[in-house]
Asks: 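Have a look at this one.
None of these values were measured; they are calculated from a predicted model.
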Amino acid sequence: PQILAGDHIFVTDLATGDVAELGGQALHVSLSVHGLGLAPDGRTLYVSDIADNRLMAYPLTGGQLGNPHHAPVGVQPVHMVETPDERTVYVTNFGESSVSVVDTATWRTTGTIAVGLNPHGIAISPDGRWVYVACVGGGVIAIIDTASQRLAGTIALPPGARPYSVAVGRDGRYLYAPDNFAARLFVVDLTRRRVVATVPIGLRAALVARAADGSTLYVTNGASGTVSVLDLAADPVRPPVRATIPVGNYPHGLALTPDGRYLVVANNLSDTISVIATATDRVVATIPGEKYPNDVIAVP
């Protein structure tokens with residue numbers, strides 16, 4: 001739609017293995033792809049190929065994708081994060097409870113770090129020192145020291161917790177992890193490495209996105225078909241839910257546009273993309289997606 005005319009919106013399709021740009025190109029990557037990531041300089045689009053167990057890295061120029069680099073990783077890679085110096089990418093391997101370490105200078109996997117069961121979401125501290133991994137089956141947040149490339153410890157969550165993704169506050173003090181089993185969001189104090197609050201959100205919470213200014217956190221709630229909007233500016237420890245926005249059927253991936261004006265949400269079972277205006281917390285457009293849109297990213 002016209003409101004997204006200044007952005008390139010890329011979506012992964014679990015059913016076809018395509019990475020599609022809405023209104024533009026579509027690339028067939030493999031039998032199935034999962035997550036998307038963007039390099040800090042915006043010049044590389046990362047794609048996790050869960051069928052062939054590899055990380056794809058597409059050069060990105062003016063919204064056009066070039067010939068990719070690729071690196072073998074672990075079983076069922078799902079999400080990734082790159083260090084601020086753009087030298088290293090960490091990839092969660094859901095099927096083998098590990099994180100792969102990829103060197104972007106050589107596109108080789110230089111290490112494999114064992115973490116908790118079924119690692120899924122991943123985030124990095126603002127200074128690049130720590131990588132945090134949501135281990136769904138293990139019920140913990142794993143902490144990786146990027147200096148030593150080793151597991152530095154784990155953060156225990158309440159019994160029965162299934163942390164699905166993670167986001168770190170702008171100042172690096174707090175971590176936010178939605179529980180995919182119960183309708184709650186954990187708030188973790190990273191200085192003490194323990195849960196300090198639990199906030200009610202929707203059912204089957206999935207992925208998170210934080211506003212660049214650190215003021216707002218967005219969470220997709222799959223079974224509820226909604227997005228929870230949490231006000232971090234009001235209280236980063238117990239953020240109030242400012243809005244609960246109905247979107248499509250089983251929302252999963254989400255991304256803010258570079259200017260922060262819109263939140264784009266991939267609705268897994270609706271074959272649609274919802275566009276939310278962040279100024280009003282309202283859906284302003286619903287557009288056709290892919291057959292099974294899973295993750296989404298917005299590029300200027």
Side-chain angles (χ1 to χ4, degrees), residues 1-73 77-91 102-109 122 207 209 212 252-268 271-276 284-300:
Q2 187 62 33
I3 55 175
L4 297 175
D7 303 301
H8 302 279
I9 309 298
F10 292 94
V11 182
T12 55
D13 185 337
L14 282 176
T16 65
D18 290 350
V19 175
E21 180 191 5
L22 298 184
Q25 60 192 315
L27 297 176
H28 182 67
V29 176
S30 75
L31 291 177
S32 188
V33 290
H34 190 100
L36 291 171
L38 188 66
D41 66 2
R43 295 180 181 177
T44 305
L45 181 74
Y46 293 108
V47 181
S48 60
D49 176 355
I50 60 174
D52 296 318
N53 297 326
R54 58 183 178 170
L55 175 71
M56 310 297 293
Y58 288 89
L60 186 59
T61 306
Q64 294 296 308
L65 300 177
N67 294 324
H69 299 286
H70 56 86
V73 290
V78 283
H79 291 286
M80 74 296 293
V81 71
E82 187 170 20
T83 53
D85 62 12
E86 301 182 356
R87 294 180 178 178
T88 309
V89 181
Y90 295 86
V91 184
V102 177
D103 183 335
T104 62
T106 62
W107 297 109
R108 293 181 178 178
T109 300
I122 188 168
L207 299 188
H252 189 79
L254 73 172
L256 288 153
T257 55
D259 60 11
R261 294 177 62 195
Y262 300 103
L263 180 76
V264 186
V265 182
N267 302 309
N268 267 175
D271 303 342
T272 60
I273 306 295
S274 296
V275 183
I276 295 169
V284 294
T286 301
I287 56 182
E290 298 302 299
K291 290 184 178 180
Y292 195 0
N294 189 67
D295 203 5
V296 60
I297 204 159
V299 178

Asks: Which distance, rounded to the nearest 0.5 Å, do you find between the CG of Leu254 and the CG of Asn267?
Replies: 10.5 Å
Asks: Using side-chain heavy atoms (C-beta onward) and a distance below 4.5 Å, is His34 in contact with Asp295?
Replies: no
Asks: Under a 4.5 Å cut-off applied to non-hydrogen side-chain atoms, are Pro293 and Asp271 in contact?
Replies: yes
Asks: Can you check whether Thr16's main-chain N or O pairs, donor with acceptor, with His28's side chain at less than 3.5 Å?
Replies: yes
Asks: State, with a plain yes or no, whether a side-chain heavy atom of Leu55 is found less than 4.5 Å away from one of Pro77.
Replies: no
Asks: Show your reasoning for whether side-chain contact (heavy atoms from CB on, under 4.5 Å) applies to Tyr292 and Asn268.
Replies: CA-CA 5 Å; Tyr292 195 0; Asn268 267 175; 3.3 Å; yes
Asks: Given side chains that start at C-beta, do those of Phe10 and Leu60 come closer than 4.5 Å, heavy atoms only?
Replies: yes
Asks: Just by modelled atom types, is the Tyr58 backbone N or O under 3.5 Å from a matching donor or acceptor in the Thr44 side chain?
Replies: no
Asks: Please report the interatomic distance CG(Leu31) to CG(Asp52), rounded to the nearest 0.5 Å.
Replies: 6.5 Å
Asks: Looking only at heavy atoms, what is the nearest atom pair of Leu22 and Glu290, with distance?
Replies: CD2-OE2, 4.5 Å
Asks: So, Asp7 versus Thr257: side-chain donor-acceptor pair below 3.5 Å or not?
Replies: no
Asks: Testing the basics here: between Ile297 and Ala255, what is the closest heavy-atom pair and its distance to 0.1 Å?
Replies: CA-CB, 3.8 Å
Asks: Tell me which one of His8, Gln25, Met56 satisfies side-chain contact (heavy atoms from CB on, under 4.5 Å) with Leu65.
Replies: Gln25
Asks: So, for Thr12 and Gly35, which heavy atoms are closest and what is the spacing to 0.1 Å?
Replies: CG2-O, 4.1 Å
Asks: Taking atom CG of Asp103 and atom CZ of Arg87, what is their separation to the nearest 0.5 Å?
Replies: 9.5 Å
Asks: Could you go through the side-chain contact (heavy atoms from CB on, under 4.5 Å) check for Leu207 and His79 one step at a time?
Replies: CA-CA 11 Å; Leu207 299 188; His79 291 286; 3.9 Å; yes
Asks: Should Leu36 and Val47 be marked as a side-chain contact (heavy atoms from CB on, under 4.5 Å) after you check the CA-CA gap, both sets of side-chain angles, and the distance that decides it?
Replies: CA-CA 5 Å; Leu36 291 171; Val47 181; 3.7 Å; yes
Asks: Just how far is it from atom OH of Tyr90 to atom CD1 of Ile122, taken to the nearest 0.5 Å?
Replies: 8.5 Å
Asks: Using a strict 4.0 Å threshold on nitrogen-to-oxygen distance, state whether Lys291 and Asp13 make a salt bridge.
Replies: no
Asks: Whether the side chain of Asp41 engages the backbone of Arg43 through a donor-acceptor N/O pair (distance < 3.5 Å, no angle test) should be reported.
Replies: yes
Asks: Which heavy-atom pair separates Ser30 from Ser32 by the least distance, and what is that distance?
Replies: OG-O, 2.9 Å
Asks: Can you name the closest pair of heavy atoms from Val33 and Asp18 and give their distance?
Replies: CG2-O, 3.5 Å
Asks: Grab the two heavy atoms, one from Met80 and one from Ser48, that are nearest each other, plus how far apart they are.
Replies: CE-N, 3.7 Å
